[in-house]
Amino acid sequence: MKKHRWNITLALTVLLLGGGLLFLWQTGFFAAATSLEGIRAYIEEFSPYSQAVFFSVQLASVILAPIPSNITAAAGALLFGMWPAFLLTWAAVALGSLVVFCLARTLGQKFVERFVSEKVSERYLGLMKRKRDVFLCLVFLFPFFPDDIICILVP
C-alpha cells in the first residue's frame, strides 16, 4: 500500500510540475523573467486575474526553485502595492512550503537526495540539529536564504 501511495504521489507531482512549467513556458514567463519590468508586464497581462497569476507564480517559485521569487515579489509590489503583494507572497510561500514539506515526507529520503546534494544536506541538517527553532525562523525571515531546500530537508 505504501509503495502504491508513493507511485501515485510521484506521478501527480511530475504531472503538476510539468504542467506548471509548460504553462509558464507557453505564456512567456521565462522570457519575461529577465527583468523586473518584464515580470510586471507578464503579470499585468492577465488582468483582471493578475493577483491570482501573481500568487501562482509565487507559489511555483517555492516548488520550482529556479523562479526568481524576490524579483517577482518586487514586481507584485509595483503592481498591487506593498501590503497586498506582501500578503499574497506570504500566503504563496506558506502554501508552497507546506507542499514541498509534504512531498518530502511522503516520497522520503530518496526523493530528497535527488534535489539536494549530500554536501548541502549535511551542512543544513547539522545547523538544524544544533539550532533548530532559531535557524528555521531566520531562514524564513531573511531573503536569499535557501528556504526551499530547508523545507525539503526538515521532514
Under 3.5 Å: donor-acceptor pair, side chain of S61, backbone of Q58: yes

Exercise: identify the closest heavy-atom pair between I43 and F80: CG2-CZ, 4.0 Å

CG on L59 to OG1 on T89, rounded to 0.5 Å: 11.0 Å

Straight-line distance of I39 CD1 to L78 CG, nearest 0.5 Å: 11.0 Å

Residue list, side-chain contact (heavy atoms from CB on, under 4.5 Å) with W25, at least two apart or on another chain: L22, F30

Between CZ on residue F46 and CZ on residue F54, distance to nearest 0.5 Å: 14.0 Å

Closest heavy-atom pair and its distance - A73, A85: O-CB, 4.3 Å

Distance, nearest 0.5 Å, that separates CG of L103 from CG of L98: 9.5 Å

Distance (rounded to the nearest 0.5 Å) between L95 CG and W90 CH2: 10.5 Å

Set of side-chain contact (heavy atoms from CB on, under 4.5 Å) partners for Y49, sequence neighbours left out: none

Which atom of V62 lies closest to which atom of S97, heavy atoms considered: CG1-N, 3.5 Å

Pair listing, side chain to side chain donor-acceptor pair (under 3.5 Å) test, anchored in residues 27-44, at least two apart: T27-Y42, E37-R40, R40-E44

